[in-house]
Amino acid sequence: MVRGCTKSSCARFLERHQSALNLTLLLVGYIVYLVIGAGIFSAIELPYEQDLRQELITARQDFLSNNTCVSDVSLEELLARVLEASNYGVSVLENDTKRNWDFVSSLFFTSTVLTTTGYGHTVPLSDEGKAFCVFYSLFGIPVTLFFFSVVVQRIMLLVTQRPLSYFHRRWAMSKSKLATIHATCLTIIFILLFLIIPAWIFVSLENDWDFLESLYFCFISLTTIGLGDYVPGETQSEEANPHPQLYRLAITAYLLLGLVCVLVVLETCCELPQMRHLRQRFYKENVRELDSETTNIIDRDHLSDPLSDLSDHVTGHLPVIPSVSEQAASLQQDSKSYIPASGSAVNGKLR
């Protein structure tokens, strides 16, 4: 008996706190995912870092041994200065030919800032530029998010909502299955047009990139991760790229258009019935979407409330039609208060 009560109480507790337990499991799973990723990256990259560090130490020792006129302190100061300039996007190797702050390069910088991609290869040098970047981003990022949301909703209407409605009427297929097929096809088209094909284009334009590095750049850029280790046009010579400004402008257009398409694909996948059902598991209360008929019924029920009658008299609106239960109650009261007249009286009145 006690065991049965305990099981039933545990079941009621789990049912009552199901969303909180699901959220806790999600949080724990996310932390475990972060830890696993950190461990894998550390295991893969740490040996390469150690090898590169040892290679640089050996190269520095060889340089000092071959150039005895250069002291270790002077070389240290020179390397520190070069690294500091490199962090600001200024390279001593191509400083005479490449400019980071002409108009097209500045346009590319503003697009990466407002889309929160932020490659980090070009940063403001002056205090005025840093202060302006703060205020420019403070207003520009919300405006950019609003702009993207408006554009994505318009595109969703054309590429998702209308096609789903059309094929649902034409093929009489369930919306859940049709939405899954549509999201899969849209994802495949996006991968082909904005990842695979651009990666091959970058392979032909960037001499130092292979296909994996080009695909890596496209993915890192369109997901707004923007690590900055690969930036197009940074290692190209003037002979290899005779139109660097046009090339940078084309990359800016590709990134903006690709980011919009990423948001469209993500929004389409998030609107899947399976994803909605999965999100409801983490809500505090199960929120169900109401169709138009149910919404109209609830609106009518709210309109039949006595408070709404009072507001109607105050605002001068038309009286609200009473509900069925109210009409039945009034009919019962009328039938009780009604006293039929005698036959003579009726006959007398008829006469």
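All figures in this text were calculated on a predicted structure; none of them were measured in a lab.
Remark: the backbone N or O of G39 is not paired with any side-chain donor or acceptor of S42 at under 3.5 angstrom. The backbone N or O of V70 sits nowhere less than 3.5 Å from a side-chain atom of S74 that would complete a donor-acceptor pair. Formation of a donor-acceptor pair under 3.5 Å by the H168 side chain with backbone atoms of S174 is not found in this model. Of the possible donor and acceptor atoms, none in the side chain of S137 sits under 3.5 Å from a partner among the backbone N and O of V134. Using modelled atom types, one side-chain atom of E213 and one backbone atom of D210 make a donor-acceptor pair closer than 3.5 Å. Counting only distance, with no hydrogens or angles, the side chain of T180 and the backbone of S176 share a donor-acceptor pair below 3.5 Å. Side-chain atoms of S204 come within 3.5 Å of backbone atoms of I201 as a donor-acceptor pair (strictly under, hydrogens ignored). Under a 3.5 Å cut-off, the side chain of R279 and the backbone N or O of C270 do form a donor-acceptor pair. A donor-acceptor pair under 3.5 Å is absent between the side-chain atoms of S105 and the main chain of D102, judged by distance alone.
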Check step by step if side chain to side chain contact (heavy atoms under 4.5 Å, CB included) holds for L278 and R281.
CA-CA 6 Å; L278 180 62; R281 293 179 177 271; 4.2 Å; yes
Side chain to side chain donor-acceptor pair (under 3.5 Å) for T117 and T115? Distances and angles first, verdict last.
CA-CA 5 Å; T117 304; T115 57; 3.1 Å; yes
For I188 and L192, what are the C-alpha separation, side-chain angles and deciding distance, and is it a side chain to side chain contact (heavy atoms under 4.5 Å, CB included)?
CA-CA 6 Å; I188 294 174; L192 181 63; 5.5 Å; no
Kindly determine whether L205 and Y247 satisfy side chain to side chain contact (heavy atoms under 4.5 Å, CB included), including the steps that lead there.
CA-CA 10 Å; L205 295 178; Y247 183 54; 3.4 Å; yes
For side chain to side chain contact (heavy atoms under 4.5 Å, CB included), just list the numbers for I141 and T116, CA-CA rounded to whole Å, side-chain angles, deciding distance to a tenth of an Å, and then say yes or no.
CA-CA 8 Å; I141 291 177; T116 67; 4.1 Å; yes
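Checked by atom type, the side-chain pair S214/E206 shows no donor-acceptor distance below 3.5 Å. Judged purely by distance below 3.5 Å, without hydrogens or angles, the side chains of D62 and S65 never pair a donor atom with an acceptor atom. Side chains of T160 and T268: a donor-acceptor N/O pair is present below 3.5 angstrom, by distance only.
Rounding to the nearest 0.5 Å places CD of Q61 at 11.5 Å from CG of L56. Expressed to the nearest 0.5 Å, how far CG of L52 lies from CD1 of I57 amounts to 10.0 Å. Separation of atoms NZ (K177) and CE (M173) is listed at 5.5 Å; rounding is to 0.5 Å. How far CG of L255 is from OG1 of T224: 11.0 Å, rounded to the nearest 0.5 Å. Atom-to-atom distance recorded for L178:CG and L164:CG is 5.0 Å, nearest 0.5 angstrom. Atoms CD1 and CG, on I251 and L256 in that order, are 12.0 Å from each other to the nearest 0.5 Å.
Salt bridge E77/R81: absent, no basic N to carboxylate O contact under 4.0 Å. The pair E76-R60 meets the salt-bridge criterion, since a charged nitrogen lies less than 4.0 angstrom from a carboxylate oxygen.
The aromatic rings of Y119 and F217 sit parallel, their planes meeting at an angle under 30°, below the 60° perpendicular limit. Between F194 and F190, the angle of the ring planes stays under 30°, which puts this pair in the parallel group of the 30/60° scheme.
For K175, the NZ atom is loosely surrounded, since the number of other residues' heavy atoms within 6.0 Å does not exceed 12. Within 6.0 Å of atom CH2 in W101, more than 12 heavy atoms from other residues, nucleotides or ligands are found, so the atom counts as buried in its surroundings. For F219, the CZ atom is loosely surrounded, since the number of other residues' heavy atoms within 6.0 Å does not exceed 12.
Proximity of the aromatic rings of W209 and Y216 is defined here by a centroid distance below 6.0 angstrom, and this criterion is not met.
Follow the hydrophobic side-chain contacts under 4.5 Å out from L78 and you never reach L64; the two are in separate clusters. The hydrophobic cluster containing V260 does not contain L145, counting ILVMFWY residues as joined when their side-chain heavy atoms lie under 4.5 angstrom apart, directly or transitively. The hydrophobic cluster containing F109 does not contain L249, counting ILVMFWY residues as joined when their side-chain heavy atoms lie under 4.5 angstrom apart, directly or transitively. Note on F202 and Y230: same hydrophobic cluster, where clusters join Ile, Leu, Val, Met, Phe, Trp and Tyr whose side-chain heavy atoms are under 4.5 Å apart, directly or indirectly. Residues L222 and I196 are members of one and the same hydrophobic cluster, defined by side-chain heavy-atom contacts under 4.5 angstrom among Ile, Leu, Val, Met, Phe, Trp and Tyr.
Side-chain contact check for R154 versus V151: every heavy-atom pair is 4.5 Å or farther apart. Side-chain atoms of Q54 and Q50, non-hydrogen and from C-beta on, never get closer than 4.5 Å to each other. Contact check for R276 versus L272: no side-chain heavy atoms found under the 4.5 Å cut-off.
Nearest heavy-atom pair across G129 and P124 is C-CB, 3.7 Å. Closest non-hydrogen pair, T110 versus L107, comes out as OG1-O, 2.7 Å.
A search for ring pair (Phe, Tyr, Trp, His ring centres under 6.0 Å) contacts involving Y254 returns nothing, not counting sequence neighbours.
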